[in-house]
Amino acid sequence: SKKKGLSFEEKRVRMMEIFFETKDVFQLKDIEKIAPKEKGITSMSVKEILQSLVDDGMVDTDRIGTSNYFWAFPSKALHARKRKLEELESQFAESSQKKETLQKSIEKSKIGREDTAERAALLEELAALRQKKEQLKTEIDKYRECDPDVVEEMRK
């Protein structure tokens, strides 16, 4: 049977396990030795996976002298999750408040707009008047060239 390779996400999880289990600081060459032996991550992809973890802020890195050091501690991940949770909870509370306010506004707006025969008749009358207004506007536009003000303007 053919051995199936790990997905990129599985490699990232296993790489984080290395940091969390050892709680140590590593150089790239150390990780390139440990990852294939302990976690089955190919040494060719270690650098790419480590860089993606650094870019996502899951692994910290610092250059000391000529060496780059990498580390990640479980407590940092826990604090990051707690902050994210608090942020999402505050957004949720804000959105709930906004929804409630909008709901009250809708209820307020509905008052006096109940569907009654009188209201229906008034809406019908309004639609008829608007249509009449449009007809009159088009009629005025037809006779615009006979308007004394327009004629005077054209003479100028």
Side-chain angles (χ1 to χ4, degrees), residues 1-138 140-141:
S1 68
K2 212 172 197 182
K3 193 173 181 185
K4 183 184 146 285
L6 299 170
S7 75
F8 190 74
E9 198 53 42
E10 289 172 325
K11 291 177 184 177
R12 285 172 51 104
V13 169
R14 289 187 181 192
M15 181 77 72
M16 289 305 293
E17 286 173 2
I18 292 172
F19 287 108
F20 290 165
E21 289 167 1
T22 60
K23 297 182 179 111
D24 202 359
V25 178
F26 299 98
Q27 287 186 340
L28 180 60
K29 63 181 181 181
D30 299 332
I31 296 174
E32 285 176 335
K33 289 177 189 170
I34 295 169
K37 289 179 192 168
E38 293 184 15
K39 300 295 177 182
I41 301 170
T42 59
S43 56
M44 303 290 280
S45 63
V46 168
K47 189 173 185 178
E48 178 188 355
I49 292 162
L50 190 58
Q51 188 59 49
S52 80
L53 290 170
V54 169
D55 292 343
D56 290 346
M58 296 171 73
V59 173
D60 294 313
T61 183
D62 201 2
R63 184 174 190 87
I64 303 173
T66 58
S67 306
N68 285 327
Y69 292 90
F70 300 91
W71 69 92
F73 300 117
S75 61
K76 181 186 180 212
L78 178 67
H79 289 299
R81 284 191 196 104
K82 279 184 180 177
R83 266 195 314 277
K84 185 70 174 170
L85 180 64
E86 288 170 2
E87 182 183 314
L88 290 172
E89 284 174 342
S90 71
Q91 285 178 357
F92 177 74
E94 193 177 298
S95 296
S96 296
Q97 186 68 32
K98 191 174 182 181
K99 179 186 173 210
E100 211 170 287
T101 305
L102 290 172
Q103 208 69 31
K104 286 178 183 175
S105 173
I106 289 172
E107 292 302 317
K108 232 184 233 181
S109 297
K110 283 184 179 179
I111 296 172
R113 293 182 179 206
E114 293 82 16
D115 286 334
T116 61
E118 183 186 354
R119 178 173 166 80
L122 287 171
L123 287 172
E124 213 172 285
E125 186 181 341
L126 178 65
L129 289 171
R130 283 186 176 155
Q131 189 176 3
K132 178 93 170 159
K133 178 184 170 189
E134 285 303 313
Q135 286 174 349
L136 291 172
K137 256 189 179 172
T138 55
I140 287 174
D141 287 341

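- Annotation: the span from Phe70 atom CZ to Ile18 atom CD1 amounts to 12.5 Å, rounded to 0.5 Å.
- Among all heavy-atom pairs drawn from Ser52 and Phe8, the shortest one is OG-CZ, 3.6 Å.
- Side-chain contact check for Glu125 versus Leu129: some heavy-atom pair is nearer than 4.5 Å.
- Between atom CD of residue Glu10 and atom CD1 of residue Ile41 there is a gap of 10.5 Å, rounded to the nearest 0.5 Å.
- Separating the CE atom in Met58 from the CG atom in Leu50 is a distance of 11.5 Å, to the nearest 0.5 Å.
- Using a 4.5 Å cut-off on side-chain heavy atoms (C-beta onward), Lys23 and Pro74 make contact.
- Under a 3.5 Å cut-off, the side chain of Ser95 and the backbone N or O of Gln91 do form a donor-acceptor pair.
- Taking OG1 from Thr42 and CD from Glu32, the interatomic distance works out to 10.5 Å, rounded to the nearest 0.5 Å.
- The 12-atom threshold is not exceeded at CD of Glu118, counting heavy atoms of other residues, nucleotides or ligands nearer than 6.0 Å.
- With sequence neighbours left out, Asp24 forms a salt bridge (charged side-chain N to carboxylate O under 4.0 Å, His left out) with no residue at all.
- Scored by the side chain to side chain contact (heavy atoms under 4.5 Å, CB included) test, Asp62 finds Trp71 as partners (sequence neighbours excluded).
- Not one N or O on the side chain of Glu48 forms a donor-acceptor pair closer than 3.5 Å with the backbone of Ser45.
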Open item on the list: If you apply the rule side chain to side chain contact (heavy atoms under 4.5 Å, CB included), what do you find for Leu78 with Lys82, and how did you get there?
Closed with: CA-CA 6 Å; Leu78 178 67; Lys82 279 184 180 177; 4.2 Å; yes
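- Atom OG1 of Thr61 sits about 10.5 Å away from atom CD of Gln27, to the nearest 0.5 Å.
- Counting heavy atoms from C-beta on, the side chains of Val46 and Met15 come closer than 4.5 Å.
- When the side-chain hydrogen bond (donor to acceptor under 3.5 Å, both in side chains) test is applied to Asn68, the partners found at least two apart in sequence or on another chain are Arg63.
- For Phe26, the ring pair (Phe, Tyr, Trp, His ring centres under 6.0 Å) criterion is met by Phe19, not counting sequence neighbours.
- Applying the salt bridge (Lys or Arg N to Asp or Glu O under 4.0 Å) test to pairs two or more places apart or on separate chains, none has a residue in residues 83-104.
- Residues Leu85 and Arg81 form no side-chain contact, since every pair of their non-hydrogen atoms from C-beta on lies 4.5 Å or further apart.
- Residues satisfying the side-chain hydrogen bond (donor to acceptor under 3.5 Å, both in side chains) criterion with Glu21, sequence neighbours excluded, are Lys39.
- A distance of 8.0 Å separates CD1 of Ile49 from CG of Leu53, quoted to the nearest 0.5 Å.
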